[in-house]
A.B. asks: 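This structure is in C-alpha cells; I'll ask about it shortly.
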Amino acid sequence: MRLILDTNVVTSGLLWNGAPAQLIDAARTDDIELFTSRVLLAELTRILRRAKFSKAIAASELSLDELVLGYAELVTLVTPVEIPLTILRDPDDDHVLSCALAAHAEWIVSGDHDLLDFKTFRGISIVTAAQAMRMVTGA
C-alpha cells in the first residue's frame, strides 16, 4: 500500500501514540510504503520548530533534526507533479495532492478538513489516520 501522510499526521505520529504513530510503525515493518517530497519535509521541519511542540520533542529524547531525518530515511522522496490550483482555502495542501500523484499513492492520510472534504483526488482516497489503520490491519 502506497501512502502520503500529510504533515499534520506525521507530526502527530512522531510525537505521540495513536493511529498516526501506528502508520509510521507499519512503514518501519514494511507493511506500507510512505512517500513525501522536499516541500513536505521542509514543512515538517517548520511545524516542528513551533514552540508548542518543544516539550513533546524533548520527551521523545530525539532532536528536531533527528526526528525529521529519521522520517526522511523511512520514506521515499518523489518530485511532485504540476497540478492546477485545487484547494482554494489552503493552496499549500496542493503539495500533498501533487506528491500523491507523483508517488502513485493509493491513499492520502490527513487530519485536514480541506483535504478530507475532497474524499478522493484523481482516484486517490483521502482518509483519516484511523481509517487508514483500519484498512492496513483489515479491521
Side-chain angles (χ1 to χ4, degrees):
M1 293 178 223
R2 301 169 69 91
L3 284 73
I4 301 293
L5 302 185
D6 193 359
T7 310
N8 57 62
V9 174
V10 177
T11 299
S12 181
L14 293 175
L15 300 179
W16 296 285
N17 294 321
Q22 292 170 344
L23 287 169
I24 292 172
D25 288 342
R28 286 186 180 114
T29 59
D30 295 325
D31 292 335
I32 60 173
E33 292 179 85
L34 297 179
F35 297 84
T36 197
S37 69
R38 292 185 196 287
V39 169
L40 294 177
L41 285 175
E43 180 180 54
L44 176 64
T45 302
R46 280 193 312 275
I47 287 171
L48 288 174
R49 284 191 178 129
R50 294 178 183 166
K52 69 180 183 178
F53 296 121
S54 61
K55 286 183 183 178
I57 291 170
S60 76
E61 299 183 356
L62 297 171
S63 70
L64 183 148
D65 289 339
E66 289 170 325
L67 285 169
V68 174
L69 287 173
Y71 182 69
E73 289 174 356
L74 181 64
V75 301
T76 301
L77 199 63
V78 297
T79 302
V81 299
E82 293 285 328
I83 63 170
L85 181 61
T86 303
I87 301 186
L88 302 177
R89 289 185 292 195
D90 188 358
D92 285 344
D93 287 338
D94 285 354
H95 294 294
V96 177
L97 300 177
S98 62
C99 184
L101 286 174
H104 304 284
E106 296 167 76
W107 302 327
I108 295 169
V109 183
S110 181
D112 183 332
H113 289 287
D114 289 332
L115 283 169
L116 291 168
D117 287 348
F118 267 71
K119 297 189 184 359
T120 62
F121 176 74
R122 298 189 189 178
I124 303 167
S125 297
I126 304 172
V127 299
T128 66
Q131 290 169 319
M133 270 314 298
R134 284 194 295 275
M135 290 184 275
V136 168
T137 61

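All figures in this text were calculated on a predicted structure; none of them were measured in a lab.
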A.B. asks: Run the side chain to side chain contact (heavy atoms under 4.5 Å, CB included) test against Thr11 and tell me which residues pass, sequence neighbours left out.
C.D. replies: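 Applying side chain to side chain contact (heavy atoms under 4.5 Å, CB included) to Thr11 gives Thr7, Leu15, Leu44, Ile47, Leu48, Phe53.
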A.B. asks: Using modelled atom types only, decide if a donor and an acceptor are shared between the side chain of Thr137 and the backbone of Met135 within a distance under 3.5 Å.
C.D. replies: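 It does not hold such a pair.
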A.B. asks: Considering residues at least two apart in sequence or located in another chain, which fulfil the side chain to side chain donor-acceptor pair (under 3.5 Å) criterion with Thr36?
C.D. replies: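 Partners of Thr36 by the side chain to side chain donor-acceptor pair (under 3.5 Å) criterion come out as none, since no residue qualifies.
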A.B. asks: Mind jotting down which residue pairs meet the salt bridge (Lys or Arg N to Asp or Glu O under 4.0 Å) criterion with at least one end in residues 34-46? Sequence neighbours excluded, please.
C.D. replies: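 For residues 34-46, and leaving out neighbouring residues, there are no salt bridge (Lys or Arg N to Asp or Glu O under 4.0 Å) pairs at all.
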A.B. asks: Do Trp16 and Leu34 sit in the same hydrophobic cluster, where Ile, Leu, Val, Met, Phe, Trp and Tyr count as joined when their side-chain heavy atoms come under 4.5 Å apart?
C.D. replies: yes
A.B. asks: Rounded to the nearest 0.5 Å, what separates atom CD in Gln22 from atom CD1 in Ile32?
C.D. replies: 10.5 Å
A.B. asks: Checking Ser12 side chain against Val9 main chain: does a donor-acceptor pair fall under 3.5 Å?
C.D. replies: no
A.B. asks: Could you tell me whether a side-chain N or O of Arg2 sits under 3.5 Å from a main-chain N or O of Ala103, the two making a donor and an acceptor?
C.D. replies: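 Checking the backbone N and O of Ala103 against the side chain of Arg2, a donor-acceptor pair under 3.5 Å is found.
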A.B. asks: Given Tyr71, which partner from the list Leu69, Val75, Val68, Leu67 fulfils the side chain to side chain contact (heavy atoms under 4.5 Å, CB included) test?
C.D. replies: Val75
A.B. asks: Salt bridge (Lys or Arg N to Asp or Glu O under 4.0 Å): which pairs involve residues 69-81, sequence neighbours left out?
C.D. replies: none
A.B. asks: Report, one line per pair, each donor and acceptor closer than 3.5 Å where one atom sits in a side chain of residues 110-118; sequence neighbours left out.
C.D. replies:
residue : atom : partner : partner atom : Å
Ser110  : OG   : Asp6    : OD2          : 2.8
Ser110  : OG   : Asp112  : N            : 2.9
Asp112  : OD1  : Asp114  : N            : 2.7
Asp114  : OD1  : Arg89   : NE           : 2.8
Asp114  : OD1  : Arg89   : NH2          : 2.9
Asp117  : OD2  : Arg89   : NH2          : 3.4

A.B. asks: Not counting sequence neighbours, which residues clear side chain to side chain donor-acceptor pair (under 3.5 Å) with Glu33? List them please.
C.D. replies: none
A.B. asks: Per the salt bridge (Lys or Arg N to Asp or Glu O under 4.0 Å) rule, what does the pair list look like for residues 10-23, sequence neighbours excluded?
C.D. replies: none
A.B. asks: Under the salt bridge (charged side-chain N to carboxylate O under 4.0 Å, His left out) rule, collect the residues that match up with Arg28, sequence neighbours excluded.
C.D. replies: Asp25
A.B. asks: Can you check side-chain contact (heavy atoms from CB on, under 4.5 Å) on Ile87 and Phe121, steps first, answer last?
C.D. replies: CA-CA 11 Å; Ile87 301 186; Phe121 176 74; over 6 Å; no
A.B. asks: Please tell me whether Val78 and Ile126 are part of a single hydrophobic cluster in this structure, the criterion being side-chain heavy atoms less than 4.5 Å apart.
C.D. replies: yes
A.B. asks: Enumerate the salt bridge (Lys or Arg N to Asp or Glu O under 4.0 Å) contacts for residues 49-65, please, sequence neighbours excluded, ordered by first and then second residue.
C.D. replies: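 For residues 49-65: none.
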A.B. asks: Looking at CG of Leu3 and CZ of Phe35, how far apart are the two atoms once the value is rounded to the nearest 0.5 Å?
C.D. replies: 9.0 Å
A.B. asks: I need the full list of side-chain hydrogen bond (donor to acceptor under 3.5 Å, both in side chains) pairs touching residues 118-130, with sequence neighbours left out, sorted by first then second residue.
C.D. replies: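 For residues 118-130, and leaving out neighbouring residues, the side-chain hydrogen bond (donor to acceptor under 3.5 Å, both in side chains) pairs sorted by first residue read Thr128-Gln131.
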A.B. asks: For Asp92, check side chain to side chain donor-acceptor pair (under 3.5 Å) against everything at least two apart and list the hits.
C.D. replies: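 Asp92: no side chain to side chain donor-acceptor pair (under 3.5 Å) contacts found.
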A.B. asks: Count I, L, V, M, F, W, Y as connected when their side-chain heavy atoms are under 4.5 Å apart, and connections chain through other members. Are Val81 and Leu77 then in the same cluster?
C.D. replies: no
A.B. asks: Calculate, to the nearest 0.5 Å, the distance between atoms CD1 and OG1 belonging to Ile24 and Thr29 respectively.
C.D. replies: 12.0 Å
A.B. asks: Could you check whether any side-chain heavy atom of Val39 comes within less than 4.5 Å of a side-chain heavy atom of Pro80, counting everything from C-beta outward?
C.D. replies: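 Result no, sub-4.5 Å side-chain heavy-atom pair not found.
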A.B. asks: Residues in side chain to side chain donor-acceptor pair (under 3.5 Å) with Asp90, at least two apart?
C.D. replies: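 Scan of Asp90 (side chain to side chain donor-acceptor pair (under 3.5 Å), adjacent residues dropped) gives none.
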A.B. asks: What's the spacing between Ile83 CD1 and His95 NE2 if we round to 0.5 Å?
C.D. replies: 9.0 Å
A.B. asks: Return the CG to OG1 distance between Asp94 and Thr86, rounded to the nearest 0.5 Å.
C.D. replies: 4.5 Å
